[in-house]
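First the structure, in the form of structure tokens, and then the observations on it.
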Protein chains: 2
Amino acid sequence: MPKTRDARSTVTLKDVAERVGITSSAASMALADHARISSKTKAAVRQAAQELGYVPSSAGRALRNQRAGAVALIVPNTSQHVFGHSYFMHVLTGVSDAANAHDSQVIVSTNSDAENGVAAYERVVRSRSADGAIVTSSAVDDFHVEELVASGLPVVLIGNFPYLPGSVSIGIDDVAATRTLTEHLIDVHGRRRLVHVTGPLDHQTGLDRREGFLETVRARGIEADSQIVHGEFNEESGRAAVAAVLAEGREVDGIVFANDDMAFGGLQELKRAGRRVPEDISIVGFDDFGLARVTTPGITTIAVPAEEMARRATERLFDLVDGRFEGPAHEQLGVTFVARRSCGCPDAA
Amino acid sequence: MPKTRDARSTVTLKDVAERVGITSSAASMALADHARISSKTKAAVRQAAQELGYVPSSAGRALRNQRAGAVALIVPNTSQHVFGHSYFMHVLTGVSDAANAHDSQVIVSTNSDAENGVAAYERVVRSRSADGAIVTSSAVDDFHVEELVASGLPVVLIGNFPYLPGSVSIGIDDVAATRTLTEHLIDVHGRRRLVHVTGPLDHQTGLDRREGFLETVRARGIEADSQIVHGEFNEESGRAAVAAVLAEGREVDGIVFANDDMAFGGLQELKRAGRRVPEDISIVGFDDFGLARVTTPGITTIAVPAEEMARRATERLFDLVDGRFEGPAHEQLGVTFVARRSCGCPDAA
DNA sequence: CTGAAAGCGCTTACAG
DNA sequence: CTGAAAGCGCTTACAG
């Protein structure tokens, strides 16, 4: 059966070489600017390539060079639900920028169905479609990540992975950032009866942000008036957490949500219950991937530099792939505190 | 220089074949379940492959089969700014789902710098890294899209491209959808003095949504009281459009924004000016990719089935690649009207 | 029926 | 110095 693609012309190195009257070996060297080819021949080859519209075959190159010319951005479906759309676009942008700079393609591997023997991303990598992988998973018990790292394949993780000492990762200091938020509620707005709505505690971010909250209320001596409620990083769990807290009837004047989505859900529930934010209760979130800016009131939060993290992670990945760098290493980027009206601050801008 | 990758074992078909004591040709046929291989040998090969952790080399396959096993999702940078993050995640999800079902990788090509001779996505495709492409651009004057389609390469476009009759595309009926929104303001909420804030008019969506608005105000006989203001699909241009309209001092009781981002910008500007939405002015947007649901008030809008469009587009692409289908063809999917408080309707759920 | 060569497009180590 | 073979990993058309 004739294929559609047959209609298109496929220009190979051989075509270029024939036009110039040399072998494809020589043409290859000419295009690679090899010293042994005369500049006259080089010019002729370049022109022929130009005229014929020659583009090297990625498969031919990959097979010969044992190098795919692509990196994989791996998005486990667990992490898909945990983080939001904006987060991944920031990450994708960062990865693409760095990959483009290295003339590399970006393969996005979103494994929709969790367990089908070999995980989707393991395949990407084992089939050598990609020279390395950026992984955004943060589930502590995701053993696939561990296996991937252990396989010796170049992998850079986005996030903090203290339990994977052999890994290369780029993260932020979630503990310190949450401390900043919590201290802000206490020191600037005089809040004393605080609630922390956690993220999922099988995620390192969930654990670290809780730790930051706990450290702070302890340091300020208001631990007895504080409360921890479990959440799942999504809007609905923020709503449910607030509903549960309000149902208990305890006094609360500030809530530290472990991310913005939960803060938004909580905000809606507080409004529904007739509590004014920030007059009656100050709230803060975490991430600033877009949502926190558009709600009413805007949500005070920590801006996570997702795009920059991804860019750095990808640069590190190329270092690994090119053998310029040997893990393990963990790098942390700075974050920005963004004051909005939800805590009681005046709106920015 | 030894490469990092040398540390990893690379299992080839030859390794599998040797373990079983046959040639790699036979092993290939065995794994392909070819009739001429005995079921006993097949079982042995499968087991050996399993034990060794054999995964076919994508480069070897691609070269031999003249088929990359990947599709490209092309995101011209123009269109990146025009649409939002959520839109692309919806598209990416749809493309990934369909590609996974066809055992194909997804390459995302975001050409950051516009003009570097050959456009980034042309390279992807010319280097045969991808067997076909999904393109999300909607700029009417983006000649790259035209070239791509003309090249004979399998391409499916997301959106409406009436000026590219030779193309295969999946879109929605923007004219009819905008008519629905505009009629809603007039017929349900009694608005008579309407403004339409357009999208960029070098984009088909911008043109079509304007057309839908114009048709409706003409049909209802309120054209004289209507006004068209130019926007660019982003929040800031919505804000600016509203500021301009208010500055003129004309009476306005309803605004049809060509998308949600502009509606949100306009909403903020209206609030700032002391106009109540929806009491004084009803507003509507378009898209429903996330923003419209989280603002206060929520924005009445048309939900665009971006994920489904992408899934269908990718299915069509595989039809083209496999020669099961010959373009041109244009398919339109249905949309959903979503009533929220910004027009005067009670909030949903 | 079955063994093994040929060839996809590249690049570089080798032979002359 | 330069020509052209070898081989990356696959699959299938061909020879026996």
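Per chain, numbering begins at 1; letters A, B, ... match sequence-line order. Nothing here was measured: the structure is a model prediction, and the numbers come from that model.
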Fill in: Pi-cation contact, Phe318(A) with Arg324(A) (under 6.0 Å, within 45°)
no
To the nearest 0.5 Å, atom CE of Met89(A) lies from atom CG of Leu92(B) at 8.0 Å
To the nearest angstrom, the CD1-P distance between Ile37(B) and dT2(C) comes to 8 Å
When rounded to the nearest 0.5 Å, the distance separating CZ of Arg19(B) from CD of Gln47(B) is 8.5 Å
**Message:** Please give the distance between the P atoms of dC10(C) and dA13(D) as a whole number of Å.
**Reply:** 23 Å
Arg67(B) CZ to dG9(C) P, in whole Å, measures 16 Å
Exercise: do Glu308(B) and His90(B) side chains pair donor with acceptor under 3.5 Å:
no
Any strand, both distances under 3.5 Å, Watson-Crick or G-U wobble: dT2(D) pairs with dA15(C)
Rounded to whole Å, CD of Glu18(B) lies from P of dG9(D) at a distance of 12 Å
When rounded to the nearest 0.5 Å, the distance separating CZ of Arg46(B) from OG of Ser39(B) is 8.5 Å
*asked:* Keeping Ser96(A) on the side-chain end and Thr93(A) on the backbone end, is there a donor-acceptor pair under 3.5 Å?
replied: no
Looking at Gln66(B), does any N or O in its side chain come under 4.0 Å of the phosphate oxygens OP1/OP2 on dC10(D)? no
Atom CG of Leu63(A) and atom P of dA6(C) are separated, to the nearest Å, by 18 Å
In B/S/- notation (B base, S sugar-phosphate only, - none; protein heavy atoms under 4.0 Å), nucleotides 11-16 of chain D written 5' to 3' is BBB---
From CD1 of Ile22(B) across to P of dT2(C) the rounded distance in Å is 12 Å
